[in-house]
Number of protein chains: 6
Amino acid sequence: MSTVVTIGEMMMRFMPANNLRFEQAGSFDVYYGGDESIVAVSLARLGIETSYVTKLPKNVFGDIAVNQLRMHGVQTDFITRGGERMGLNFYENGASMRPSKVIYDRAHSAISEAVSTDFDFHRIFSGARWLHVSGITPALSDSMEEVTEDALKTAKAKGLTVSFDLNYRRKLWSQEKARKVITRLMKYVDVCIGNEEDMSITLGFSPAGTDVMKGHLDVEGYKKMFLRLKEQFGFTCIASTLRESRSASDNAWSVIIYDGRDFCVSRKYDIHLVDRGGGGAAFSAGLIYGILKKMSLRDTTEFAGAASALKQTILGDFNLVTREEIEGVLQGDTSGRVQR
Amino acid sequence: MSTVVTIGEMMMRFMPANNLRFEQAGSFDVYYGGDESIVAVSLARLGIETSYVTKLPKNVFGDIAVNQLRMHGVQTDFITRGGERMGLNFYENGASMRPSKVIYDRAHSAISEAVSTDFDFHRIFSGARWLHVSGITPALSDSMEEVTEDALKTAKAKGLTVSFDLNYRRKLWSQEKARKVITRLMKYVDVCIGNEEDMSITLGFSPAGTDVMKGHLDVEGYKKMFLRLKEQFGFTCIASTLRESRSASDNAWSVIIYDGRDFCVSRKYDIHLVDRGGGGAAFSAGLIYGILKKMSLRDTTEFAGAASALKQTILGDFNLVTREEIEGVLQGDTSGRVQR
Amino acid sequence: MSTVVTIGEMMMRFMPANNLRFEQAGSFDVYYGGDESIVAVSLARLGIETSYVTKLPKNVFGDIAVNQLRMHGVQTDFITRGGERMGLNFYENGASMRPSKVIYDRAHSAISEAVSTDFDFHRIFSGARWLHVSGITPALSDSMEEVTEDALKTAKAKGLTVSFDLNYRRKLWSQEKARKVITRLMKYVDVCIGNEEDMSITLGFSPAGTDVMKGHLDVEGYKKMFLRLKEQFGFTCIASTLRESRSASDNAWSVIIYDGRDFCVSRKYDIHLVDRGGGGAAFSAGLIYGILKKMSLRDTTEFAGAASALKQTILGDFNLVTREEIEGVLQGDTSGRVQR
Amino acid sequence: MSTVVTIGEMMMRFMPANNLRFEQAGSFDVYYGGDESIVAVSLARLGIETSYVTKLPKNVFGDIAVNQLRMHGVQTDFITRGGERMGLNFYENGASMRPSKVIYDRAHSAISEAVSTDFDFHRIFSGARWLHVSGITPALSDSMEEVTEDALKTAKAKGLTVSFDLNYRRKLWSQEKARKVITRLMKYVDVCIGNEEDMSITLGFSPAGTDVMKGHLDVEGYKKMFLRLKEQFGFTCIASTLRESRSASDNAWSVIIYDGRDFCVSRKYDIHLVDRGGGGAAFSAGLIYGILKKMSLRDTTEFAGAASALKQTILGDFNLVTREEIEGVLQGDTSGRVQR
Amino acid sequence: MSTVVTIGEMMMRFMPANNLRFEQAGSFDVYYGGDESIVAVSLARLGIETSYVTKLPKNVFGDIAVNQLRMHGVQTDFITRGGERMGLNFYENGASMRPSKVIYDRAHSAISEAVSTDFDFHRIFSGARWLHVSGITPALSDSMEEVTEDALKTAKAKGLTVSFDLNYRRKLWSQEKARKVITRLMKYVDVCIGNEEDMSITLGFSPAGTDVMKGHLDVEGYKKMFLRLKEQFGFTCIASTLRESRSASDNAWSVIIYDGRDFCVSRKYDIHLVDRGGGGAAFSAGLIYGILKKMSLRDTTEFAGAASALKQTILGDFNLVTREEIEGVLQGDTSGRVQR
Amino acid sequence: MSTVVTIGEMMMRFMPANNLRFEQAGSFDVYYGGDESIVAVSLARLGIETSYVTKLPKNVFGDIAVNQLRMHGVQTDFITRGGERMGLNFYENGASMRPSKVIYDRAHSAISEAVSTDFDFHRIFSGARWLHVSGITPALSDSMEEVTEDALKTAKAKGLTVSFDLNYRRKLWSQEKARKVITRLMKYVDVCIGNEEDMSITLGFSPAGTDVMKGHLDVEGYKKMFLRLKEQFGFTCIASTLRESRSASDNAWSVIIYDGRDFCVSRKYDIHLVDRGGGGAAFSAGLIYGILKKMSLRDTTEFAGAASALKQTILGDFNLVTREEIEGVLQGDTSGRVQR
């Protein structure tokens with residue numbers, strides 16, 4: 001009986017230690033993650049009953065993935081077991097002008113070959129209030145496109161709030177197909193999340209005045225875009241992360257949320273990146289948490305901004321923080337002074 | 001026959017490798033340290049005969065602690081062995097807005113349960129010129145409060161210069177008790193060292209215009225506070241570190257010394273922190289060294305400033321530098337160019 | 001049948017992991033490198049047939065050195081085996097104001113004791129178009145001074161383009177001897193490479209307005225110096241790296257090339273240093289590549305600048321990048337955004 | 001609603017990597033464990049609903065301990081939070097004639113200072129069929145002696161089967177006190193588990209013909225002892241591990257169970273030890289599993305023997321095997337051939 | 001222009017450090033290998049010109065695989081680039097009665113999806129004397145079955161000696177299909193290599209008196225089987241490894257070769273296993289080397305036996321020994337005394 | 001004022017982690033050692049005032065070497081600083097039939113270039129009772145041959161007992177030179193230590209019936225040899241280690257001492273080797289300790305046997321045990337049972 005349900009692919013991430021390049025790495029650190037599982041772990045750690053739905057192979061790595069979720073308190077009852085393999089990715093941390101690199105090896109994964117009969121969404125959503133899914137899930141395969149639509153439709157029918165993180169992955173599908181599918185799915189969506197690039201590719205809306213490659217961000221452009229998105233799709237809430245990529249080592253980070261009435265931009269964080277992966281999903285989790293807890297727009301925005309900034313100081317996909325730690329940052333202590 | 005004697009608790013510090021959080025750490029790097037032992041190691045490495053006084057358990061970790069001190073040339077003849085356990089702490093390195101964390105596990109340590117009969121201060125101070133102790137030592141327990149006063153009184157009686165680093169630790173005692181005890185001990189003290197927070201809590205004096213949480217430092221406020229402290233307690237020397245905590249990754253650092261006549265502020269260092277622990281103790285050691293070597297106030301201040309800045313580029317508690325390296329920085333080479 | 005030949009010493013570099021100081025290091029990471037081998041590896045990785053000439057001991061470390069070169073596609077047919085030992089160095093990474101340190105242990109290495117009969121340069125240069133050597137090679141020993149001159153003379157006679165990276169190493173020879181020998185060798189040289197310090201010590205020319213210790217660089221001073229160098233030695237090309245050492249952690253970096261007609265200064269990179277070693281050699285390789293590929297002066301300069309900046313984000317001596325990665329930076333993406 | 005409940009202390013175990021001695025260890029691998037938690041993890045992994053009861057401090061290490069249990073599927077609802085600290089131990093792996101060493105630092109742990117009101121055993125045992133506890137639990141403190149008796153008494157009253165692993169720890173209490181307390185508690189016990197040393201010290205019965213120090217084991221002596229134990233205490237089942245300590249590197253291992261009618265000795269395993277810790281607890285879990293699953297005495301004995309032998313090939317306290325793996329060994333494949 | 005050509009799949013092997021189980025591994029050591037690549041590396045290191053033929057993806061891992069081969073001197077000119085992914089496997093080292101485990105993730109690898117037009121065997125075999133392939137290669141896919149037959153047929157037509165290591169992999173194909181295909185391919189084969197299990201499954205011949213599960217080996221049974229195999233298939237040479245799996249930690253090892261006239265069994269080695277993987281391929285390489293070098297049957301057998309025993313004392317797939325080291329063992333020094 | 005003085009070379013030992021071969025090692029663990037320094041550390045740890053005499057370079061590695069000695073309580077006052085470099089060696093741990101390998105890189109070390117005026121033996125031996133040196137020390141160079149003879153002669157003149165461990169190193173000198181020099185030095189020696197190989201090469205005496213390569217040891221042959229050695233050189237004590245090299249992984253070990261009247265052979269230990277280096281020096285230390293403490297021949301022999309066996313279960317050169325641990329083994333507990 002979970003409050004929130006998320007559906008997606010869980011992957012093993014292999015990462016060379018320290019700043020080593022792939023070709024230097026005699027060993028790889030391994031982390032488990034994947035967009036929706038990050039959201040699930042964040043919410044479970046914050047005390048929200050959350051269930052993660054996926055399909056994992058019947059081998060030790062599938063077992064470990066389940067155990068990783070259970071460790072953080074995520075409910076795993078609706079994870080189907082079977083299929084061929086885990087999705088993998090290889091992640092090389094960049095530095096300064098050398099970008100981080102991700103090499104995906106996720107084709108033929110168990111979840112990508114899952115079909116609608118693998119999941120009984122009526123049962124899964126029983127008692128739930130919220131469904132979250134990202135644009136990666138329908139991109140995994142044609143059958144997963146169908147599974148995703150099935151999930152969204154059922155959720156909608158059962159009265160759940162539906163949030164969708166656009167998250168375009170060019171290795172999974174073409175821009176054309178992504179736009180066609182995502183646009184079609186938007187009719188089920190209440191809360192739409194995405195960065196500039198995602199919104200431009202999957203929905204065809206871009207914020208004027210922003211040039212991601214150059215690190216320029218114009219908040220006014222976002223606001224105008226949000227208004228048009230609301231008009232077009234009727235979202236009750238639209239949100240975006242505002243990353244300024246100064247280098248692979250240092251980013252600035254803030255977030256913006258529009259609740260249909262007001263816009264709110266969080267404080268901006270200068271982050272000396274430990275691991276930027278998972279920042280977006282940590283933001284989604286913070287946003288969902290704020291809304292579920294009926295926080296004000298201002299509080300939700302700052303909470304989600306602080307949570308997602310903190311994520312980027314932590315290795316691996318999961319946002320291994322406590323609510324107390326997020327609140328510490330919220331209360332204005334970003335001095336990094338030692339806490340004894 | 002040591003020139004300087006320091007008294008305190010030595011702890012094992014367990015630290016996750018790299019930037020890992022406690023819950024990610026499959027292993028912990030271990031460092032030995034503790035405020036007064038850092039001072040002792042610094043001075044011994046600079047060529048000052050220094051004896052460290054403590055109580056350590058009769059087990060292999062007590063042995064290792066002694067060996068660590070001997071390795072750096074510290075005299076260990078007056079270390080008492082016995083008691084229950086080593087004090088421990090767990091140290092998680094922060095990053096950006098995520099603060100570093102210290103979890104202490106030091107209750108019931110051998111030294112915290114030591115009593116006055118464990119130490120024969122007349123013998124220990126025989127031939128010594130200087131005693132250094134921090135506010136942590138009397139905070140360890142009621143019996144250690146007594147031991148500390150015994151040490152200070154005896155040192156004073158035998159004509160040693162006494163330096164005291166206020167170092168308030170909130171996990172060890174209340175602000176009320178700290179202020180009462182520390183204030184009482186000040187009558188034995190010649191050289192008083194402490195940062196803004198310590199001076200405010202333990203002595204009740206704050207530098208106007210400084211807000212540590214916001215990273216504002218007003219040197220003029222420090223000077224005024226020092227004048228009042230001198231008036232109140234009659235110190236011959238008052239000194240403070242001036243840390244500007246910009247984030248857990250980057251700090252600015254300088255130091256100020258007042259010798260009863262003049263104030264001197266060192267150059268300011270921008271430090272990309274490797275390990276900020278031990279900066280204060282490294283400063284105390286530099287200050288004591290400068291005075292013992294009859295350096296000018298300017299030279300003492302710059303020496304202690306450079307030494308303590310260098311500490312923060314080194315992992316672990318001890319300031320593993322040579323005098324030549326400190327002097328290299330003093331002579332103005334902070335360009336970090338490779339030395340071949 | 002190689003296009004480029006480089007001649008020099010290959011060393012094992014022992015480096016404490018992370019930011020550890022030598023005295024903290026329970027283990028040392030080992031990297032193979034040395035100025036001319038870095039050039040050779042860079043060129044081979046860029047697809048230029050390159051042969052590296054040296055002498056290595058007949059033991060497993062000599063074998064490993066050869067294998068390291070073969071791994072990157074460098075031709076090793078003219079490496080002579082014999083002699084006493086590998087040259088070694090110990091490299092401690094600095095941080096902030098604490099400089100990196102290199103302790104050399106290269107005396108009596110196989111190559112330093114090599115003699116002219118160890119190498120048949122007529123055969124070695126057969127079919128080659130370019131010889132590159134650094135000022136380290138003649139500095140290794142009197143016999144290697146002779147070998148170097150033999151190589152340069154033969155190359156010149158056979159019509160190869162000769163590039164020379166001045167690279168002064170004070171532990172190997174005096175400034176007086178360096179200037180005498182290097183100046184003498186310049187008559188064989190077409191392309192002269194060196195930083196401010198090298199040019200000043202080995203050729204006696206300094207760029208006005210530049211103070212390396214203070215991090216001041218005046219490009220105009222370099223240009224004037226280049227004009228005088230061309231006048232004096234008749235070089236067809238003169239080039240220099242422009243490092244601004246802000247600290248051991250952060251440098252700015254650009255490069256300048258003068259092709260006898262025009263000067264070109266590359267864009268400037270802010271580098272959060274991972275390993276600054278090998279930056280100069282990576283620049284030489286980029287310069288040679290640009291000329292061999294008949295790039296424009298502008299393209300050559302930016303290519304060599306980007307390549308050598310990237311090197312400093314990579315651990316070890318070798319510049320483990322691909323041409324595509326260099327071109328990615330050239331095309332202006334220094335935002336470090338993740339490449340998926 | 002758990003089938004099995006176990007009660008005890010969970011500790012962090014710090015272990016130098018590889019074969020390093022404590023004084024060589026720059027870092028310690030950390031494992032979570034403790035006798036009853038090992039039993040709980042084993043049973044949960046075998047599919048038995050199991051609840052672990054303890055008290056853990058309200059800090060990150062307490063959180064991690066809970067997460068470690070959840071990861072393996074153990075129910076943690078009845079874990080009380082509070083108190084001062086985690087119990088710790090330091091474990092040095094021996095080799096050949098150099099014995100492994102354990103240094104405990106568990107005094108003042110949260111569970112050792114727990115009191116009866118921390119646990120509501122009526123609620124805890126609701127729906128349960130089995131309680132397992134070891135002799136370590138009542139040894140932790142006087143209050144825990146009381147808690148243990150309270151638990152045993154309540155369990156007995158509610159009709160649970162009670163198993164007790166005698167497990168004498170000389171650092172926790174004297175032989176006299178242990179015998180007095182343990183003997184008193186035996187009236188609540190159905191299944192008594194212990195090795196020769198435990199039975200001798202805590203119950204006063206020794207198997208004739210066995211000399212542990214010399215590695216002699218006489219199974220007949222065990223049988224006679226078991227008969228006398230049954231007579232004295234009325235146990236329905238008595239069991240012992242039969243370890244032959246040939247060296248710190250190699251042991252032989254078998255187990256014996258007496259079900260009140262028959263004796264059964266398992267096959268004997270030659271084990272090249274990876275980590276002998278937790279072997280006894282893994283045996284207890286196997287025994288409980290066999291009885292709960294109504295296996296025959298022979299099958300129970302072989303299952304528990306194989307499970308506990310496998311544990312000793314695995315680092316850390318927990319027996320990280322699957323039922324399928326135990327069954328693989330049971331079916332006679334101890335050849336260690338690769339399973340592809 | 002290589003003397004020997006081998007064709008097969010190269011994989012990345014991920015292995016938890018030390019004796020950790022998969023679920024304990026926070027990082028994986030990575031090794032490159034695969035049956036025929038091991039043979040190629042062994043032969044290249046022994047000085048035989050050897051070319052390895054495969055298909056690798058156009059990504060950094062494909063590049064690294066090529067570099068790994070080049071490092072050891074293997075010729076890589078006929079490696080085709082393209083396709084989807086590298087084959088992977090996960091390898092967990094066993095201990096005592098706990099078997100090692102391999103989890104394959106090789107479906108859809110570049111080589112498994114290669115087709116005949118990817119390789120021009122006329123050109124590849126030009127100047128070659130020997131082709132070696134294992135039963136894994138035709139098992140990869142239907143198209144690779146075709147490629148393998150194409151290679152064997154062409155090699156045979158061009159007069160190369162063909163060796164075939166039966167190597168059955170149950171995860172790749174059924175016993176029925178394996179027997180059908182392998183039996184058909186035997187008409188091209190001169191030298192047939194395989195262990196008891198392979199010969200039984202793929203050719204239908206078993207050595208009487210041998211029970212691998214129990215570690216019984218009867219050499220006479222092998223001889224009789226070899227005679228029948230020769231009769232059936234007309235092999236000029238038949239060879240087998242004789243592994244006695246005592247446990248996952250300790251094996252005995254010898255080899256047997258039949259040259260059509262005589263049988264020769266090597267000395268038997270007791271091996272404390274470091275990594276048993278690659279033992280069979282190291283044997284094949286030794287056998288091919290002996291024949292190419294026209295060693296006597298006795299010398300070939302002992303050479304191949306020693307080489308393959310040594311492999312099992314080395315981590316990873318490749319047999320990183322020198323000819324001198326093999327000869328050291330051959331000359332009877334298996335005392336393991338330090339060589340200074 | 002030391003009781004024992006030892007003189008020799010201290011080296012850094014670089015060792016690949018785990019079982020890796022040199023060519024696989026991305027990093028090397030570093031240990032400090034060298035024959036006489038091992039003896040000094042052992043004796044200092046046993047409570048004997050011991051001074052180690054050598055020459056070390058004036059760099060950080062020389063400093064670390066001194067610190068390593070101080071850590072264990074060795075007196076370092078007579079260590080001269082200067083010269084070119086530290087001696088190094090590279091140590092690869094073998095396994096089964098693959099032998100361990102040592103590659104020395106010690107030529108031109110500071111101590112090898114030391115001269116008699118570097119050491120004032122009259123002052124060094126003041127108050128001492130014992131001098132220990134090995135055959136490595138005079139082998140380092142002609143000047144060190146002179147220094148060694150100077151030391152022995154002075155020690156003898158001042159009435160010290162002189163022990164000499166023959167320790168032949170073939171990389172340092174020829175058998176001819178070794179025999180000539182060592183034989184000449186024997187006139188100063190009271191206690192002669194060496195294994196079969198050393199005695200045969202340096203003194204020309206072999207124990208009948210022993211074949212080291214085959215692992216045969218005949219104690220009677222040793223006894224007869226000792227009698228002849230005593231006759232020839234007049235030693236008061238002759239001792240030998242009796243290593244049976246079964247493989248690089250497993251050895252048997254015992255020791256024999258002849259005190260001029262009786263022979264005593266220790267119990268024999270089966271050792272699963274962790275690191276066999278330093279076994280001989282640990283034996284010498286045990287022997288010296290026994291004599292200094294006036295133990296009986298039996299007790300001395302067993303003490304030295306147990307101490308040197310324990311050494312081989314410990315990584316690195318130094319015998320990091322306590323007297324209590326040696327006595328634990330002496331009292332017959334070699335079962336390796338956990339000590340809690």
Side-chain angles (χ1 to χ4, degrees), chain A residues 11-18 20-32 56-71 83-92 94 98-110 112-113 141 171-172 315-316 318 320, chain E residues 11-18 20-32 56-71 83-92 94 98-110 112-113 141 171-172 315-316 318 320:
Chain A
M11 285 186 286
M12 293 172 78
R13 190 219 282 197
F14 291 91
M15 197 157 82
N18 305 319
L20 293 175
R21 301 219 66 184
F22 285 135
E23 61 178 294
Q24 299 178 293
S27 70
F28 289 82
D29 294 333
V30 64
Y31 294 94
Y32 286 76
L56 290 168
K58 273 188 192 158
N59 64 22
V60 67
F61 299 110
D63 295 345
I64 297 171
V66 170
N67 285 0
Q68 288 287 316
L69 294 165
R70 290 201 298 194
M71 182 169 74
E84 203 177 325
R85 60 186 299 262
M86 292 286 296
L88 311 178
N89 67 74
F90 297 89
Y91 193 108
E92 182 187 89
R98 178 166 61 77
S100 295
K101 300 213 162 164
V102 186
I103 295 182
Y104 288 102
D105 181 12
R106 70 199 301 179
H108 314 289
S109 70
S112 77
E113 300 188 342
S141 64
K171 290 283 174 64
L172 288 176
L315 273 167
F318 295 148
L320 303 177
Chain E
M11 286 186 284
M12 294 171 78
R13 191 219 283 197
F14 291 91
M15 198 159 80
N18 305 319
L20 293 175
R21 301 220 66 184
F22 285 135
E23 61 178 294
Q24 298 178 293
S27 71
F28 288 82
D29 294 332
V30 64
Y31 294 94
Y32 286 78
L56 290 168
K58 274 188 191 158
N59 64 22
V60 67
F61 299 110
D63 296 344
I64 296 171
V66 170
N67 285 1
Q68 289 286 317
L69 293 165
R70 289 201 299 194
M71 182 169 72
E84 203 179 324
R85 60 186 299 262
M86 292 285 296
L88 312 177
N89 66 76
F90 297 89
Y91 192 107
E92 181 186 271
R98 178 166 61 78
S100 295
K101 299 214 162 164
V102 186
I103 295 182
Y104 288 101
D105 181 12
R106 70 200 301 179
H108 314 289
S109 70
S112 77
E113 300 187 344
S141 64
K171 290 285 174 64
L172 289 175
L315 272 166
F318 295 149
L320 303 176

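Chain identifiers are assigned alphabetically (A, B, ...) following the order of the sequence lines, protein sequences preceding nucleic acid strands; residue numbering begins at 1 within each chain.
- In this structure, chain A has heavy atoms under 4.5 Å from both the backbone and the side chain of E/Asp29.
- Note: A/Ile103 leads A/Ile103, A/Asp63, A/Asn59 in heavy-atom pairs under 4.5 Å with chain E.
- The only option from A/Leu69, A/Ile64, A/Val66 that meets the side chain to side chain contact (heavy atoms under 4.5 Å, CB included) definition with A/Leu56 turns out to be A/Val66.
- Ring pair A/Phe61/E/Phe22 is tilted by interplanar angle, where 30° to 60° counts as tilted.
- Scored by the ring-ring contact (aromatic ring centres under 6.0 Å, His included) test, A/Phe318 finds A/His72 as partners (sequence neighbours excluded).
- Proximity to chain E (any heavy atom under 4.5 Å) is restricted, for A/Ala25, to the backbone atoms N, CA, C and O.
- In summary, of the residues considered (A/Met11, A/Arg85, A/Lys171, A/Met86), a side chain to side chain contact (heavy atoms under 4.5 Å, CB included) with A/Arg106 occurs for A/Met11 alone.
- Counting heavy-atom pairs closer than 4.5 Å to chain A, the top residue among E/His108, E/Glu84, E/Glu23 is E/His108.
- In this structure, chain E has no heavy atom under 4.5 Å from any part of A/Gln68.
- Applying the ring-ring contact (aromatic ring centres under 6.0 Å, His included) criterion to A/Tyr31, with sequence neighbours excluded, gives no partner residue.
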